[in-house]
Amino acid sequence: MRRMIPYSVDITGNFVYSPQLIEARKQVQEGLLNAAQLLEIENKEIQHIVDTCKQIGLKCVTDGDYRSNGYTDFFHHLQNISKHETEPNDTSEENDKSVICGKIDFDNHFLSTPPVTEHFTYLTGIIGGDMYAKALLPSPMTLLAELIRPENRLNTGRYYPDIEVLSHDIAQTYKKIIREFYNMGCRFLQFSDYTWNLTGGCDIQQISEANNTDLTSLSTVLARLTELCLNDKPDDMCISLQFDEKWWNTRDREKIAEILLSTQANAIAFDFGNRENENIDFSILKHCQSKDVILGLVSTSSSQPISTSTITHHIENAARLLPLESLHLSCQGNFRNLSGNSSISEQEMWNKIATMKNIAKTVWGE
């Protein structure tokens, strides 16, 4: 099979905020720093990410999602989607929801859109020619879930009484996003799944119940949406879908896996939960034939050192179902939660990533 991802260690989630960035964000809230000063600090810290990844020997790099407060930030750069705050100065996760006020669209000349694309342009400008820049964006599945969550259903219904029309407009929006990032030189784009971890504690199970449908039927709608987004994607652009592990803990696990993993995505990133030292059932990998698969095996919340032998054993088990050359190693998604907090330190995160690179040398010889 053709290997779309030319490196063995992938980055599939955000990074721990550096102490400097934590302090800068605090000073912004206190009115001691302005947006331009914060941008300068973010640029410096993203340069540190790139330099550290190079030292470790990674070929893939992101900006650590350092400019974002959460997945909804990206949605608020789209046309006619805004942040709904019930309290004027409340920046808590509970208060960070997205609402629409018209037809959803993406236009790079739209007033609030340029920062999203400019952020990726900055990353590509500092990595040099020996690394691949990867963009991480919330998935179209996540946007649909956000707009039909129980507290948003009434407002969304004013503009989109038909979920098929809503899905169509989301797909057209994401097609434009894909094309824009491609034109900027992006060849590795990941759509990250937050459907089980929406702001305010809402999840896709609650959404299915509120919409009087079952999870399997809703997963069909989500897969169809994803397929609509991908059906015109450039052939030389690798688009990966990252999925929350809770999808594979449902009653209809096999059916849902068959539905969600059957799209035209080039790669699937699995989060296997905090089970680094437990037995893992890799049987759903059988639905990923001809795709690259990113194994999220390394904990992002435990400060315990990685067991190299255990992770290697997991990879060997996965390789019984798929060719080893189609497999890649990653951490279990995000190092930060929706509130921006992390369970481990920045140095512990880098230690884990360096260990993953050493494991890759043993397993893949690179």
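In this structure, the side chains of I207 and P150 come closer than 4.5 Å at one or more pairs of heavy atoms. Side-chain contact between L21 and L38: present, with at least one pair of heavy atoms (C-beta onward) separated by less than 4.5 Å. A heavy-atom distance below 4.5 Å is not found between the side chains of S345 and W350. The shortest side-chain heavy-atom distance between L136 and D65 does not fall under the 4.5 Å cut-off. Taking 4.5 Å as the limit, every side-chain heavy atom of N43 sits out of range of all side-chain heavy atoms of Q47. Considering only heavy atoms from C-beta on, I204 comes within 4.5 Å of L222 through its side chain. In this structure the side chain of L261 reaches within 4.5 angstrom of the side chain of F243, judged on heavy atoms.
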*asked:* Let's go through E42 and H119 carefully: what are the C-alpha distance in whole Å and the side-chain angles of both, what is the deciding distance for side chain to side chain contact (heavy atoms under 4.5 Å, CB included) to 0.1 Å, and is it a yes or a no?
replied: CA-CA 10 Å; E42 288 172 343; H119 295 167; 5.7 Å; no
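The pair D73-R67 fails the salt-bridge criterion, with no side-chain N (NZ, NE, NH1 or NH2) lying under 4.0 Å from an Asp/Glu carboxylate O. Using a 4.0 Å cut-off between charged nitrogen and carboxylate oxygen, D214 and R251 do not count as a salt-bridge pair. The pair D10-K134 meets the salt-bridge criterion, since a charged nitrogen lies less than 4.0 angstrom from a carboxylate oxygen.
There is a side-chain donor-acceptor pair under 3.5 Å between S307 and T310. Side-chain atoms of Q242 and T12 form no donor-acceptor pair, as typed in the model, at a separation below 3.5 Å. Between the side chains of E227 and N231, no donor-acceptor pair is found at a separation under 3.5 Å. Of the N and O atoms on the side chains of N317 and H313, at least one donor lies less than 3.5 Å from an acceptor on the other residue. Side chain to side chain, N351 and Q347 meet the donor-acceptor criterion of an N or O pair below 3.5 Å. R149 and T199 are linked by a side-chain donor-acceptor pair at a separation below 3.5 angstrom, with hydrogens and angles left out of the test. Between the side chains of D281 and S283, at least one donor-acceptor pair of N or O atoms lies under 3.5 Å. S98 and H76 form a side-chain donor-acceptor contact under 3.5 Å, judged by distance and modelled atom types alone. Checking T195 against D193 by side-chain atom types alone, a donor-acceptor pair falls below 3.5 Å.
Classification of the F270-F272 ring pair by plane angle, with boundaries at 30° and 60°, yields parallel.
With a 6.0 Å cutoff to the six-membered ring centre and a 45° limit on the axis angle, R320 does not count as a cation-pi contact of F282. In this structure, R187 forms a cation-pi arrangement with Y182, its terminal cationic atom sitting closer than 6.0 Å to the ring centre and no more than 45° off the ring axis.
For the atom pair CE of M141 and CG of L260, the computed distance is 5.5 Å after rounding to the nearest 0.5 Å.
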